Amino acid sequence: MFSSREKLRFSNMTIDNEDVYKKAGWGRSQYAVVFVCSLLFMGVGIGIGYAVGRNNSNSNIPQAGDTAQETATKPPRSPHPIDTILSSINKDNIKQNLWKYTSRPRMSGTPGGYELVQILQEAWRSSGIDEVRVTPYDVLMSYPNRTNPNRVQLLTSSGQLIFQSALFEPALDSLSNNSEIIPPFNAYAAAGISEGDLVYVNYGRIEDFLYLTQNMSIDLKGKTLIARYGKIFRGDKVKNAQRFNASGIIMYTDPSDFNRGNSTYPDSWWMPPSGLQRGTVGGDGDPLTPLYPATDYAYRVKESDVSGIKIPAQPISYGDAQHFLSEMGGEEAPLEWRGALPITYRIGPGFRNSSLKMRLEVNNFEEKRTVENVIGYIKGKTEPDRYILLGNHHDAWVFGAIDPLSGTAVLTELIRVFGEMLKSGTRPDRTIVFCAWGAEEHGLIGSTEWVEEYMKVLYERAVAYLNVDYAVDYNYVLFAGTSPLLQDSLYQATKQVPNPDTSSSDKTLYDAWKTRDNSNDLEPSVYYSLGSGSDMATFYQRAGVPSIDMWFTYDENKWDILSYPVYHSAYETVYLYENFIDPGYSYTATMAKLWGVLAWNIANEKVLKFDVRRYATAINKFIGNLKTEFGAKWTKQNVNIGALESAAQNLTTEAENFHQKVQSLQATSSAANVLQNRMINDKLIQFERAFIDCEGLPGRPMYKHVMFAPSLYDSYSDNSFPGIVDTMNEIENQNATAKWEVLKQQVSIATFIIQSAANTLKEVGL
């Protein structure tokens, strides 16, 4: 056992310290002399002290309220780091950051994007943190052709133009009037022309395609499709269109999902008829270096060999979409397929007027450009080889006042506060890493390449990754996705942060979250489905780092919409943010406080508050769901669900035993045992990694988390047991009966992984 002083010294010991001790060259005789002298001085001191004490009694001992005496004999107490974080976050600084960052479009690989990297680098370095680096990667990027923008046209059979979609979003105020705004496009959509008959495919989900092809017997080969945005990742809509042999797809924001008001921007936060949603339709990471970092020495596949989107795709506004949808023929769309445009929604194919035709023209181009991450470091004082990472991306499709720059503005302010704490001598026990990622919007490129480059180190040393893609999309309630391991850490932090709504009787953020969450649970609800919609994806899905993604959002019971309305449009300006999203920046500042408190707690806890029992509970629930949905079919096919249940029960038992052992060790230790704590923490850190399968999911080797991974049909959301669920989807919806053997293999793999996770919690485990 070590005393606290011995523990600190042991934790800080380096080779240099050991060399100093060796160079002193003392022998036993020198130590003996010092020991005897020390005893003599101690005896004299005791005698003098006794005499002085008898003569002076208690007359000069400082009394309560005797400020002068207290100051003279006792140094002032430093504020607790949590109090410092809470009191130091400055809303005005965040506001100034946001105005600066949103002053021009910030897409990666453009002048505005490169400028923001320099702004962040300079601000972070001036904060006083230990180190700031810029990490560049040369990757394949996708851009629209400014001189020949993409377009969707309604033509007569003779080729006469009747209507054409807007080449640019029109400026509706001074902030959205900027010559650097890129024209509408979907990144990585193939350049080309689609002139097939138009077919409306609702949200473009796999079930929508199956309804059209199976229930309505519509052959989609060669057709041009039109889908409304929402429900699933836009790239999966395009993949579905490609899978069913369509020649192209158009996507628009239907007012039923993005405009529930009587007015639109700039008079409210609702999407105007001219607004549209940009976004990528590609995969994660650099297309030329799959699974490996895009370093200067990396092998790159030929661009012609990249397997990606092969058909044109283009976003348009709902104002423009109405011109095409209103002319469509065919059967009326089912009730649940109808949006809020003042038209009769029809399926097609084609138009009521057979002389009309349509033309989709996409002129995107791809080229290698450098994207850059900004990485800042505060080195831990006792465990510098254990990392808590905070991440946000700095690139935006246009101005990005919400996504992502509200988060970037918060991150820079938090770094300023941590830098000031560092200057005053307050340093965390574990290393804190601040990350501003590049090219997230194009497909998580900056974070994916960085994680790939440092995968081996992160796999061994990363404690947690805390993601804030953006801080606030509406000032109402906290929304969070998390690994089960970090759930209690999140709850703890929200109990330490004041409620930003000072008019509420709920004093803490936790209380306000629970009140507004509209959940009947005993604690606020979180979701475990992190998906791949932001930069936590590669950390969680491939490196097995426990992760959180969090932001403040709107009341979903009040507005049943799919996202904040002006998402990825040119109207996502600082004017919108200050007038409709978070006037006064109270919730934005609260996100800075929550992020900082959460990071500080995890960086300084002697024993991490990761509760493995939550994981076991979740797994048992998910297995129950599988049995309910597929149990009868599995029994007929002799799928071994009994072994899966047995492994889950073993995990439950070991999780409870481990938890009780940790509680007992903490209660009986007379002093914190640094080695014992390190052993416990290492098990907790590695527990998430136990669910990583190095072989990856069937047909998707990039995704390796057996419990949580993006759905094959929606990259935004996770499936629990993704290998099992996606295979069953293929069996049931695509009549892929040959997949039953794959299904049995996936159940076997899940059983093995769960049992392995249970073994990691044992004292020996072999």
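All values reported here derive from a predicted model rather than from experimental measurement. Numbers for residues simply follow the sequence, beginning at 1.
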Pairwise salt bridge (charged side-chain N to carboxylate O under 4.0 Å, His left out) hits with a residue in residues 753-766, at least two apart: K661-E763
Sequence neighbours excluded - salt bridge (charged side-chain N to carboxylate O under 4.0 Å, His left out) pairs with any residue from residues 533-543: E452-R542
Ring pair (Phe, Tyr, Trp, His ring centres under 6.0 Å) pairs, two or more places apart, involving residues 443-465: W437-W450, W450-Y454, Y465-F539
ring-ring contact (aromatic ring centres under 6.0 Å, His included) involving F752 - partner list, sequence neighbours excluded: none
Is the ring centre of [X] less than 6.0 Å from the ring centre of [Y]?
X: F658; Y: F687; result: no
X: H442; Y: Y143; result: yes
X: Y377; Y: F434; result: no
X: W397; Y: F185; result: yes

Under 3.5 Å side-chain donor-acceptor pair for N604 and R430: no
Stepwise side-chain contact (heavy atoms from CB on, under 4.5 Å) test for V457 and Y387: CA-CA 10 Å; V457 180; Y387 319 134; 3.4 Å; yes
Qualifying side-chain hydrogen bond (donor to acceptor under 3.5 Å, both in side chains) pairs with a residue from residues 629-646, counting only residues at least two apart or across chains: K627-E645, K633-E732
Plane angle bin for Y528 and F622 - parallel if under 30°, tilted between 30 and 60°, otherwise perpendicular: perpendicular
Residues that Q314 engages under side-chain hydrogen bond (donor to acceptor under 3.5 Å, both in side chains), provided they are two or more places apart: N150
